[in-house]
There are 2 protein chains.
Amino acid sequence: MLQERLIQTAIDQFGRFGFDGASTRAIARASGTAMSSITYHFGGKEGLYLACADYIAQKATEQNAQGYALMQQTADLDRSTAIEHCLAILDGFALTMLHPDSEGWARFIVREQQAPTEAFERLYGGMMKAPLEGFGRLLAIIRPDLPARERRALVMLMFGQALILRAGRASVCKALGVDSLGEREAKLLRSQLRANSLCILNGGNA
Amino acid sequence: MLQERLIQTAIDQFGRFGFDGASTRAIARASGTAMSSITYHFGGKEGLYLACADYIAQKATEQNAQGYALMQQTADLDRSTAIEHCLAILDGFALTMLHPDSEGWARFIVREQQAPTEAFERLYGGMMKAPLEGFGRLLAIIRPDLPARERRALVMLMFGQALILRAGRASVCKALGVDSLGEREAKLLRSQLRANSLCILNGGNA
DNA sequence: GTCTATACTACGATAGAC
DNA sequence: GTCTATCGTAGTATAGAC
């Protein structure tokens with residue numbers, strides 16, 4: 001479909017060059033159509049930008065369906081099961097951050113976080129709010145000693161460990177002495193993330 | 001000085017709009033000079049961009065002088081002192097990420113990490129390499145059980161917890177239910193970061 | 001629906017006055 | 001060293017053909 005092709009190209013270009021740096025001409029050309037198609041389908045450059053945010057949120061939600069499942073029925077979970085769910089969710093997030101496919105849209109999101117616009121509202125509501133709150137509910141089971149405020153802070157810090165794999169990718173590569181993160185590095189980082197997370201989750205009882 | 005004013009303005013504009021999105025005209029205008037001054041002093045837009053990277057690395061190094069001090073003499077430290085040094089360094093990094101002043105140049109760096117250019121080489125060599133390696137040496141004292149490879153991964157994951165306070169600022173604010181991170185939130189996040197880090201550093205012995 | 005053609009604005013680089 | 005003026009290029013938006 002033309003609209004989808006335009007959006008996919010646009011996500012890459014907006015992520016790479018930013019809203020101002022990307023050009024509708026180049027996006028249209030790379031999508032094999034004329035620039036005025038963007039005006040027709042999305043009303044202009046800004047409409048296309050917002051459509052990109054919606055598209056990312058929708059695709060991410062679809063792709064992370066099993067992660068969502070782990071966060072839904074949190075009512076009657078025992079502690080060790082909740083811990084395994086947390087570890088699985090974090091590992092899933094790390095896998096996404098490590099996966100080459102996330103490069104394009106992750107750039108888009110990281111850029112939005114630096115200077116949030118209307119597009120960020122759609123991204124947060126569409127793909128972040130539910131997972132973060134679900135993770136927080138699991139934490140409530142695992143660390144009942146922590147007040148809700150501390151729990152919310154803890155959620156973000158734990159996700160930060162995985163976020164750096166994308167947002168600080170260049171530094172991670174340098175620090176590990178590699179040009180890119182391959183299978184070997186992914187394995188290393190994921191197992192270290194799991195170990196760290198276990199320490200943190202058990203922190204209240206250590 | 002005119003050159004410094006140009007650089008400071010440019011860091012803000014490049015960080016906000018990216019290399020292509022920022023305009024030399026706007027940078028010059030906001031600095032109270034003509035666009036051709038950029039050509040004269042820096043050779044052009046790209047020269048100004050690289051000068052920004054050098055400026056950031058230099059200022060960050062100056063400002064973090066005490067953090068560097070904590071990482072130099074690592075030879076004969078006992079374990080609990082090394083732990084306190086690690087916690088202090090991480091807290092210093094978190095403080096920088098939380099400080100409003102870092103907003104401008106942090107945006108510049110986060111952007112560079114997404115699509116590294118020559119400027120990233122200067123940033124890494126000028127302000128990241130030494131701190132990350134120093135932190136790694138402290139970790140070698142604290143967690144002698146960990147191989148060097150695992151240690152390097154651990155360093156990055158730990159810094160990730162603090163990095164999200166800048167790179168994922170918009171999400172952190174949303175998750176905490178605030179519009180911006182004030183004193184209250186800073187205190188909360190820093191103490192939770194300290195608690196997490198203690199758990200991780202003691203992980204090998206728990 | 002998708003194209004071409006056009007109007008208008010802004011960009012970076014550079015030459016030359018002072 | 002800093003300015004103004006100008007050139008060539010590229011941006012978005014829009015009108016109108018098909």
Side-chain angles (χ1 to χ4, degrees), chain A residues 1-56 58 104 107-108 111-112 114-120 122, chain B residues 1-56 58 104 107-108 111-112 114-120 122:
Chain A
M1 192 161 49
L2 178 60
Q3 300 190 24
E4 192 164 358
R5 206 160 62 239
L6 277 169
I7 288 176
Q8 287 169 343
T9 309
I11 288 171
D12 181 68
Q13 298 276 309
F14 282 134
R16 233 177 258 282
F17 308 117
F19 182 80
D20 298 286
S23 99
T24 53
R25 277 189 215 276
I27 292 168
R29 200 183 320 123
S31 305
T33 185
M35 191 215 58
S36 46
S37 300
I38 292 173
T39 311
Y40 179 78
H41 284 294
F42 304 100
K45 194 182 190 179
E46 196 166 327
L48 175 59
Y49 190 76
L50 292 176
C52 287
D54 290 336
Y55 185 85
I56 289 171
Q58 181 208 323
R107 255 199 292 248
F108 187 100
R111 218 173 255 274
E112 258 304 308
Q114 302 305 295
T117 67
E118 160 69 16
F120 181 71
R122 303 193 185 196
Chain B
M1 189 162 50
L2 178 59
Q3 301 190 24
E4 191 164 0
R5 207 160 62 239
L6 277 169
I7 288 177
Q8 286 168 344
T9 309
I11 288 171
D12 182 68
Q13 299 276 310
F14 281 134
R16 234 177 258 280
F17 308 117
F19 182 80
D20 298 286
S23 98
T24 52
R25 279 184 212 276
I27 292 168
R29 199 183 320 123
S31 304
T33 185
M35 192 212 56
S36 48
S37 300
I38 291 173
T39 310
Y40 179 78
H41 284 293
F42 304 100
K45 193 181 191 180
E46 195 166 327
L48 176 59
Y49 190 76
L50 292 175
C52 287
D54 291 335
Y55 184 83
I56 290 171
Q58 180 207 323
R107 256 200 292 247
F108 187 100
R111 217 173 257 272
E112 258 304 308
Q114 302 304 295
T117 67
E118 160 68 18
F120 181 72
R122 304 193 186 196

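Since this is a predicted model, take the numbers as computed values, not measurements. Protein chains get the first letters and strands the later ones, always in sequence-line order, with residue 1 at the start of each.
- In the set dT2(D), dC3(C), dA13(D), the nucleotide with an atom closest to the side chain of Ser37(B) is dT2(D).
- Residue Ser36(B) places a side-chain atom within donor-acceptor reach of the base of dT4(D), judged by atom type and a 3.5 Å distance cut-off alone.
- Summarising the geometry, the separation between CE on Met35(A) and C1' on dC3(C) is reported as 11 Å, rounded to the nearest angstrom.
- Mapped onto DNA chain C by nearest heavy atom, Ala22(B) and Ala34(A) fall at different nucleotides, with Ala34(A) at the one closer to the 5' end.
- When every heavy atom of Asp20(A) is checked against every heavy atom of Lys45(A), the shortest pair comes out as O-NZ, 3.7 Å.
- Thr39(B) comes within 4.0 angstrom of a nucleotide base, judged by non-hydrogen atoms across all strands.
- The CZ-P distance, from Phe17(A) to dT12(D), rounds to 13 Å in whole Å.
- Counting to the nearest Å, the P atom of dC11(C) and the CD atom of Gln13(B) are 11 Å from each other.
- One interatomic measurement links the two molecules: CZ of Arg25(A) to P of dA13(D), which rounds to 11 Å at whole-angstrom precision.
- Remark: the Tyr49(A) side chain and the Glu112(A) side chain contain an N/O donor-acceptor pair separated by less than 3.5 Å.
- Judged purely by atom type and a 3.5 angstrom limit, Ser23(B) uses its side chain to pair as donor or acceptor with the backbone of Ala26(B).
- Distance, Tyr40(B) OH to dA17(C) P: 18 Å, rounded to whole Å.
- In this structure, Lys45(B) places its NZ atom 12 Å from C1' of dA13(C), rounding to the nearest Å.
- For Ser23(A), no side-chain nitrogen or oxygen approaches OP1 or OP2 of dA10(D) to under 4.0 Å.
- Ile38(B) comes within contact range of no nucleotide atom at all, as no heavy-atom separation falls under 4.0 Å.
- Crowding of Glu46(B) atom CD: a count of heavy atoms from other residues, nucleotides or ligands under 6.0 Å not exceeding 12.
- Shown here for Leu6(B) and Thr33(B), the closest heavy-atom pair between the two residues is CD2-CG2, 3.9 Å.
- Put simply, Thr33(B) has a side-chain N or O that comes within less than 4.0 Å of OP1 or OP2 on dC3(D).
- Atom C1' of nucleotide dC3(C) and atom CG of Leu6(A) are separated by 14 Å, given to the nearest angstrom.
- Phe42(B) has its CZ atom 14 Å from the C1' atom of dT2(D), to the nearest Å.
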